[in-house]
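Right, one structure below, let's go through it.
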Amino acid sequence: MTANVDDATLTLRLALGTGEILKGVRNVGLLRGTELGDAGDALAQDWIARVLLQHRPHDGFLSEEAADSPDRLDNDRVWIVDPLDGTKEFAGGRQDWAVHIALVEDGRVTHAAVGMPDLGRVFHTGEVRAVLGPRTNRLVISHNSTPTIAGHIAGALGMETTTMGSCGAKAMSVLLGDNDAYVHAGGQYEWDNAAPVGVCLAAGLHCSRLDGSELSYNHESTYLPDLLICRPELAGPVLDAAADFHAEHGSYSL
């Protein structure tokens, strides 16, 4: 079927198809390291671009793996994607990499999917609910960088920190109840968190900047300095701890 695919279905199928492409590239074992990561990025990007050109030719497009076009700023519908979030993890045989697909309308994510291909799962806005069982008292952060503010928040709330790779993997770990909160203060771009934020908001989690402001997308500058995704009851305490850190240091990122 190549016609009349609604936005929710298209978002889900893009995540599913991209995951299958990436697993196929890796599982045959013919490439390693940087070459494997580069091949995965390129092939996934090409397929996504072709699908959107056929099914949504008038929508805007923003991807980590494609040249940016200022035309998207005049479009109220923009697809923001990261075909392979966590390239190092993917190339290294780890499971904490993800596929990010998001449709942004008037600056807000309306449909999103985060594929975790090695787990055989796609989390999407059409059918998602956060697991809000007993708290784990864990705060997940990037294993590539440890923001000082994370230690401050963990200490203030009596939490321990744990690390993972992809933004999507960390966000989905909060959704699944494996961690209570995810804090990032080392700088990201819109494609890094549009899809995870869209899915987590649909699941009932709190998502914001570390100053509590709402996240929005499709801006001229695609840089997003910081991010909080957490269980809703932890939003106030985490944001209070972040505000104390900012008052002392004048920054969220050190």
Side-chain angles (χ1 to χ4, degrees), residues 11-23 25-26 37 40-41 44-45 47-48 62-65 79-104 109-131 138-145 162-208 215 217 222 224 226-231:
T11 303
L12 175 59
R13 290 186 181 180
L14 279 167
L16 286 167
T18 303
E20 290 301 311
I21 289 168
L22 290 167
K23 286 193 296 183
V25 169
R26 189 180 66 180
D41 279 327
Q45 168 63 35
W47 184 76
I48 292 170
L62 174 65
S63 170
E64 181 178 17
E65 303 303 327
W79 293 86
I80 299 181
V81 308
D82 190 344
L84 173 52
D85 185 57
T87 305
K88 291 180 181 179
E89 289 76 19
F90 168 78
R94 295 169 57 111
Q95 293 187 325
D96 50 344
W97 56 279
V99 175
H100 295 178
I101 308 291
L103 173 61
V104 170
V109 180
T110 55
H111 298 278
V114 174
M116 300 286 295
D118 279 344
L119 302 182
R121 299 193 65 176
V122 175
F123 303 88
H124 59 102
T125 48
E127 185 181 344
V128 66
R129 180 181 297 178
V131 178
R138 286 196 295 266
L139 172 69
V140 65
I141 58 176
S142 172
H143 70 67
N144 294 316
S145 63
T162 187
T163 64
M164 295 180 72
S166 159
C167 174
K170 293 190 284 287
M172 295 308 102
S173 78
V174 178
L175 186 151
L176 290 170
D178 296 330
N179 295 297
D180 294 336
Y182 163 37
V183 166
H184 188 87
Q188 292 181 336
Y189 293 90
E190 292 189 4
W191 50 76
D192 289 313
N193 61 49
V197 164
V199 171
C200 287
L201 284 173
L205 296 176
H206 171 90
C207 302
S208 72
L215 292 153
Y217 298 92
T222 59
L224 284 168
D226 49 69
L227 174 69
L228 167 63
I229 298 176
C230 67
R231 297 168 62 113

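Basis for what follows: all heavy atoms, side chains included, without hydrogens, waters or symmetry-related copies.
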For Ser166, which residues count as a side-chain hydrogen bond (donor to acceptor under 3.5 Å, both in side chains) partner, sequence neighbours excluded?
Asp85
Run Trp79 and Ile48 through side-chain contact (heavy atoms from CB on, under 4.5 Å) and show every step you take.
CA-CA 10 Å; Trp79 293 86; Ile48 292 170; over 6 Å; no
Scanning both residues in full, the closest heavy-atom pair of Cys230 with Ala181 reads CB-CB, 3.6 Å
Give, for atom CG of Leu22 and atom OG1 of Thr87, the distance between the pair rounded to the nearest 0.5 Å.
9.0 Å
Using the test side-chain hydrogen bond (donor to acceptor under 3.5 Å, both in side chains), find all partners of Asp82 that sit at least two apart in sequence or belong to another chain.
none
Sole candidate of Leu16, Thr18, Val122, Leu14 that passes side chain to side chain contact (heavy atoms under 4.5 Å, CB included) when paired with Val99:
Thr18
Phe123: partners by ring-ring contact (aromatic ring centres under 6.0 Å, His included), with sequence neighbours left out
none
Quick one: list whatever passes side-chain hydrogen bond (donor to acceptor under 3.5 Å, both in side chains) with Gln45, sequence neighbours left out.
Ser63
From Asp226 atom CG to Gln188 atom CD, the distance as rounded to the nearest 0.5 Å
9.0 Å
So which atom in Ala171 and which in Pro196 form the shortest heavy-atom distance, rounded to 0.1 Å?
CB-CB, 3.7 Å
Which atom of Val140 lies closest to which atom of Ser173, heavy atoms considered:
CG1-OG, 3.9 Å
Steps toward side-chain contact (heavy atoms from CB on, under 4.5 Å) verdict (Leu227, Val197)
CA-CA 9 Å; Leu227 174 69; Val197 164; 3.9 Å; yes
Is any side-chain heavy atom of Trp47 closer than 4.5 Å to a side-chain heavy atom of Glu20?
no
Contact summary for Asp41 and Pro83, nearest pair of heavy atoms
O-CB, 4.4 Å
Of Val109, Leu228, Leu215, the one forming a side chain to side chain contact (heavy atoms under 4.5 Å, CB included) with Cys207 is Leu215
How far apart are the closest heavy atoms of Gly86 and Trp97, and which atoms are they?
O-CB, 3.5 Å
Tell me whether Thr110 contacts the main-chain N or O of Leu103 through its side chain, where contact means a donor paired with an acceptor under 3.5 Å.
yes
Could you verify whether a donor N or O on one side chain and an acceptor N or O on the other, from Glu89 and His143, lie under 3.5 Å apart?
yes
Are the side chains of Leu224 and Asp192 in touch, meaning some heavy atoms are under 4.5 Å apart?
no
Would you compute the distance between atom CZ of Arg26 and atom CG of Leu84 and round it to the nearest 0.5 angstrom?
9.5 Å
Less than 4.5 Å apart, side chain to side chain, heavy atoms only: is that true for Cys167 and Tyr182?
yes
Sorted by chain and number, sequence neighbours left out, side chain to side chain contact (heavy atoms under 4.5 Å, CB included) with Gln95 holds for Asp118, Leu119
Ser208 meets the side-chain hydrogen bond (donor to acceptor under 3.5 Å, both in side chains) criterion, sequence neighbours left out, with His206
Spatial distance of atom CG (Leu139) from atom OG1 (Thr162) [nearest 0.5 Å]:
9.5 Å
Please give me the minimum heavy-atom distance between Asp96 and Met164, naming the atom from each residue.
OD2-C, 3.6 Å
Working to the nearest 0.5 angstrom, can you tell me the gap between Ile229 CD1 and Leu201 CG?
8.0 Å
Side chain to side chain contact (heavy atoms under 4.5 Å, CB included) with Leu205: which of Val128, Val199, Val174?
Val174
Looking at side-chain heavy atoms only, is the closest gap between Ile80 and Tyr189 below 4.5 Å?
no
I want to check something: taking the side chain as every heavy atom from C-beta on, are His184 and Ile141 in contact at a cut-off of under 4.5 Å?
no
Test item: Arg138 side-chain N/O and Asp178 main-chain N/O as donor-acceptor pair under 3.5 Å
yes
